[in-house]
Amino acid sequence: MGSPRGNRHQPGCQVGDLGPEHSDKSAVSIHDLTVAYDRKPVIWDIDVDIPSGHLVAIVGPNGAGKSTLLKAAVDLVPTSSGQVRIFGSPYAQTRDSVAYVPQRESVDWDFPVTSLDVACMGLYRSIGWLRPVNRAHRKRGIEALDRLGIADLADRQISRLSGGQQQRVFLARALAQDAQLYLMDEPFAAVDAATEEAIVRLLQELRSQGRTLVVVHHDIQTVRKYFDWVLLLNMRIVSSGPTDEVFTSENLSKTYGGRLTLLDDAAEAVARGDR
Amino acid sequence: MIAATDTLSSDLLELLTLSQYNTRVVLIAVGLLGASAGCAGTLLLLRKRALLSDAMSHATLPGLCIGFLIAGSLGMDARSPWVLLPSACMTALASLGTYLLLLKVPRIRPDAALAIVLSGWFGLGVVLLGILQQAPNGNAGGLDSFIYGKAATIRASDTWLIAACAVLMITTCVLLLKELRLICFDASFARGSGWPVWAIDGVSLCMVILVTVVGLHAVGLILVVALLIIPPVSARFWTHHFGRMMLVSAIIGFAGAVIGGGITSLVSNLPSGAVIVLVCSAIFITSLLFGADRGLVKSLLTRRRSRRKTGIDHLLRAMYEQSEHNKDATVSKEFLSGIRTWRTPTLESIIRLARRRGFILQTEDELRLTRAGLELGRQLTRRHRLWELYLIHHAMIDPTHVDRDADDVEHFLDASMVRRLETLLQPGEEPRSPHHLEIEDPST
């Protein structure tokens with residue numbers, strides 16, 4: 001694991017104003033972010049700074065708001081308050097340097113496209129409106145598939161892929177986007193060992209190129225092995241920082257054991273009160 | 001009788017040569033309509049909105065009635081498409097708006113919202129139609145042809161309108177193919193990477209409304225959903241490419257509409273919409289049965305082939321295991337049917353197949369493996385036992401359970417998997433197989 005560089009985020013410190021001196025160091029700065037579904041808050045007052053060039057895990061129990069945090073970062077869910085800055089600017093201005101990988105279950109895998117079609121979708125933004133996908137684009141799509149070891153499956157319809165292969169296709173699409181920041185929602189969920197290995201290798205390769213990767217991760221066993229930065233989340237930030245410092249049993253029991261029931265109840269009350 | 005046949009065949013000749021101006025107009029119009037419905041329907045189906053189009057097409061009825069009233073009060077031709085169609089579009093859009101509003105109410109699920117929208121707007125239309133038909137001087141007789149469709153009422157001016165819409169729609173689909181594929185497959189990824197999903201969605205919904213409204217003459221508002229949905233569902237049985245699916249769907253829509261329209265022009269008093277939908281349904285059933293991508297016949301054939309292969313494999317392995325005890329031994333049919341629970345006809349057909357492929361020789365009731373059969377039997381036996389050993393020693397499964405599992409798996413272990421099993425099971429420490437038989441080394 002490479003040692004963490006850049007400005008260290010002290011757990012609990014205030015982000016304060018997001019001035020320009022901030023921008024070249026943090027990939028994602030989240031300030032005072034609260035997100036609610038149907039008026040029921042899911043994440044509260046998130047204040048966190050993710051420095052660039054790290055492989056970051058977001059860890060927390062079910063319902064902790066991990067996916068919501070990623071979605072809020074890419075404007076997929078409306079926020080109640082707060083702001084997210086990516087490389088110092090609002091997402092609308094930096095979206096071309098961000099690749100978001102949704103959960104595998106979020107799409108219909110019986111859809112009539114091939115692996116290569118999906119990988120090429122990562123290029124659509126750079127291709128632009130109305131222009132068709134040409135041979136050069138397909139070549140880049142195959143290269144992306146190849147980096148995940150599935151170039152031989154390029155012409156296969158996506159429903160005939162295994163779960164792990166489908167996940168790799170999703171990552172190939174993100175890879176084709178050639179982004180600086182990757183936000184991945186559970187890329188390791190229900191994949192085979194070979195796929196997990198291929199994904200980890202890719203993530204570490206991307207990090208060594210100076211890119212930032214933020215990964216929602218479920219398997220506590222492998223956090224230390226794979227990630228150099230951790231964000232512990234349970235409706236609010238429990239702690240965040242370099243894995244060595246933050247990923248302690250004390251913090252973990254705060255994240256998993258110490259579910260704040262009052263926070264749950266208050267969220268319910270807010271939802272009820274607004275009806 | 002002969003005269004009747006003569007008229008029918010001369011009618012048919014007229015139809016096929018398209019010599020009648022009227023028939024020509026009608027067939028061109030419905031064909032183009034079918035093709036553009038096939039394109040728009042593909043988007044609808046893949047975006048999982050099939051029923052939304054049904055609600056919108058039902059909501060055109062109040063629009064038609066209102067248009068009729070407006071045209072009448074302005075002193076225009078009450079059946080002029082230039083008034084009726086825009087007002088039908090308006091209420092279709094209004095129904096879409098109602099649906100989107102209802103979705104915001106927390107306790108209403110999408111299917112309930114659709115049912116409310118469909119029946120509410122259609123109910124309004126039926127009431128308005130009733131009022132119009134009772135009005136003393138307003139002859140609303142033509143309006144009910146919009147409900148079931150009457151292709152014969154299509155006029156040359158309508159053809160131009162339909163042709164223009166079809167060209168517009170097909171061009172849009174071709175130009176926006178990439179964008180449409182993206183939002184149909186993964187809208188949240190599209191939104192996240194900066195595509196205005198609402199705008200692309202809007203374009204595809206506009207196409208659907210356009211097809212619905214210009215198709216009212218030919219298929220009617222109740223059945224237009226079939227023309228939108230049946231062609232793409234059928235097309236899915238032939239291809240698994242988005243673009244090709246749209247093309248095949250357009251061709252099916254075109255063919256269904258032209259054939260259906262042709263039949264209607266031959267036989268008087270048939271509602272064209274229903275006939276077109278029936279022809280499309282026939283194409284659907286054909287696709288379901290014979291489709292190249294996932295047709296039933298093809299998958300049945302695949303299943304039969306794999307069942308035959310499994311049968312031959314089991315036969316060869318049984319005979320090989322017998323030859324391990326006694327080289328050059330022949331095996332009787334009674335013995336074979338005793339080993340596995342084969343019924344006599346099944347066994348006979350497996351033996352016939354194995355003989356035809358040169359794996360066994362038969363003399364009277366005695367069977368013997370050929371050289372090729374012996375080799376295949378040896379490989380199968382080896383794979384079977386390797387898998388049993390793997391299950392026992394690595395998956396910790398009870399030895400009494402592994403035989404059946406290996407029966408299912410032995411046919412599918414390819415060379416690379418066999419190699420992996422060999423590495424895992426280290427020939428040196430190879431234990432005896434559960435059937436107390438050694439695994440032969442492949443080199444001997």
Side-chain angles (χ1 to χ4, degrees), chain A residues 37-40 70-71 73-77 91-104 106-114 116-118 120-134 137 155-160 170 173-174 176-177 179 183 185 271 274-275, chain B residues 42-43 45-49 103-108 171-200 203 232-249 291-294 299 302 416 420:
Chain A
Y37 287 139
D38 271 345
R39 300 178 193 259
K40 180 179 163 185
L70 284 196
K71 285 183 186 153
V74 291
D75 278 354
L76 283 179
V77 291
Y91 178 63
Q93 289 163 27
T94 46
R95 60 173 29 130
D96 286 341
S97 51
V98 182
Y100 167 65
V101 183
Q103 286 185 17
R104 181 155 54 88
S106 66
V107 301
D108 168 19
W109 288 94
D110 198 30
F111 196 83
V113 284
T114 61
L116 181 58
D117 289 332
V118 177
C120 286
M121 286 179 190
L123 300 167
Y124 283 9
R125 273 290 283 181
S126 61
I127 297 172
W129 281 98
L130 307 183
R131 295 215 195 92
V133 180
N134 64 27
H137 300 133
D155 288 328
R156 192 171 291 188
Q157 203 263 320
I158 53 172
S159 70
R160 302 201 171 138
F170 253 22
R173 179 176 71 176
Q177 284 176 280
L183 303 170
D185 204 344
D274 264 349
R275 290 249 162 87
Chain B
T42 306
L43 304 174
L45 180 76
L46 292 176
R47 198 85 171 91
K48 309 199 165 32
R49 286 184 178 144
L103 283 187
K104 293 217 186 285
V105 183
R107 262 185 217 136
I108 302 180
T171 320
T172 314
C173 282
V174 171
L175 285 176
L176 280 177
L177 190 67
K178 163 172 117 283
E179 287 78 4
L180 292 168
R181 171 168 45 210
L182 181 68
I183 66 153
C184 288
F185 175 60
D186 193 347
S188 67
F189 172 82
R191 198 146 19 111
S193 49
W195 292 96
V197 172
W198 61 271
I200 306 171
V203 169
V233 174
S234 315
R236 190 66 183 83
F237 285 100
W238 296 100
T239 175
H240 54 257
H241 280 89
F242 182 80
R244 271 177 237 165
M245 178 174 163
M246 206 180 257
L247 179 68
V248 175
S249 170
D293 191 46
R294 42 178 70 186
S299 59
T302 316
S416 79
R420 275 163 66 193

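Chain letters run A, B, ... following the sequence lines, proteins first, then strands; residues in each count from 1. The analysis underlying the following values was restricted to heavy atoms, covering all of them including side chains, and did not include hydrogens, waters or symmetry mates. Model, not experiment: these values are computed from the prediction.
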Problem set entry | When A/Tyr100, A/Trp109, A/Tyr124 are compared by non-hydrogen pairs under 4.5 Å with chain B, the top option | A/Tyr124
For this session: With a 4.5 Å cut-off on heavy-atom pairs, point out which of A/Asp108, A/Asp96, A/Val74, A/Val98 contacts chain B the most.
Result: A/Asp108
For this session: Quick one: closest heavy-atom pair of B/Arg191 and A/Arg95, and the distance?
Result: O-NH2, 4.1 Å
Exercise. What are the two closest non-hydrogen atoms of A/Ile127 and B/Lys178, and how far apart are they?
Worked result: CG2-CE, 3.8 Å
For this session: Report, as yes or no, whether the 6.0 Å neighbourhood of atom CH2 on B/Trp198 holds more than 12 heavy atoms from other residues, nucleotides or ligands.
Result: no
Exercise. For A/Leu183, is it the side chain, the backbone, both or neither that has a heavy atom under 4.5 Å from a heavy atom of chain B?
Worked result: neither
Problem set entry | Heavy-atom proximity to chain A below 4.5 Å, by part of B/Leu180 | neither
Exercise. Contact part of A/Asp110 toward chain B, heavy-atom cut-off under 4.5 Å: side chain, backbone, both or neither?
Worked result: both
Exercise. What residue, out of B/Arg236, B/Lys48, B/His241, has the most heavy-atom pairs lying under 4.5 Å from chain A?
Worked result: B/Arg236
Exercise. In terms of heavy-atom proximity below 4.5 Å to chain B, should A/Val118 be classed as side chain, backbone, both, or neither?
Worked result: side chain
Exercise. A/Met121 and B/Asp186: side chain to side chain contact (heavy atoms under 4.5 Å, CB included), yes or no, with the steps?
Worked result: CA-CA 10 Å; A/Met121 286 179 190; B/Asp186 193 347; 5.6 Å; no
Exercise. In terms of heavy-atom proximity below 4.5 Å to chain A, should B/Arg181 be classed as side chain, backbone, both, or neither?
Worked result: both
For this session: Give the minimum heavy-atom separation between A/Arg173 and B/Phe185, together with the two atoms involved.
Result: NH1-CE2, 3.9 Å
For this session: Would you check, one step at a time, whether the test side chain to side chain contact (heavy atoms under 4.5 Å, CB included) holds for B/Phe189 with A/Val101?
Result: CA-CA 7 Å; B/Phe189 172 82; A/Val101 183; over 6 Å; no
Exercise. Can you say whether A/Arg160 sits under 4.5 Å from chain B via the side chain, the backbone, both, or neither, judging by heavy atoms?
Worked result: side chain
Problem set entry | Working for side chain to side chain contact (heavy atoms under 4.5 Å, CB included), residues A/Arg125 and B/Trp195 | CA-CA 8 Å; A/Arg125 273 290 283 181; B/Trp195 292 96; 3.9 Å; yes
Exercise. Does some side-chain heavy atom of A/Pro112 sit less than 4.5 Å from a side-chain heavy atom of B/Leu46?
Worked result: yes
Exercise. For the residue pair B/Glu179 and A/Leu130, what are the closest heavy atoms and their distance?
Worked result: OE2-N, 3.0 Å
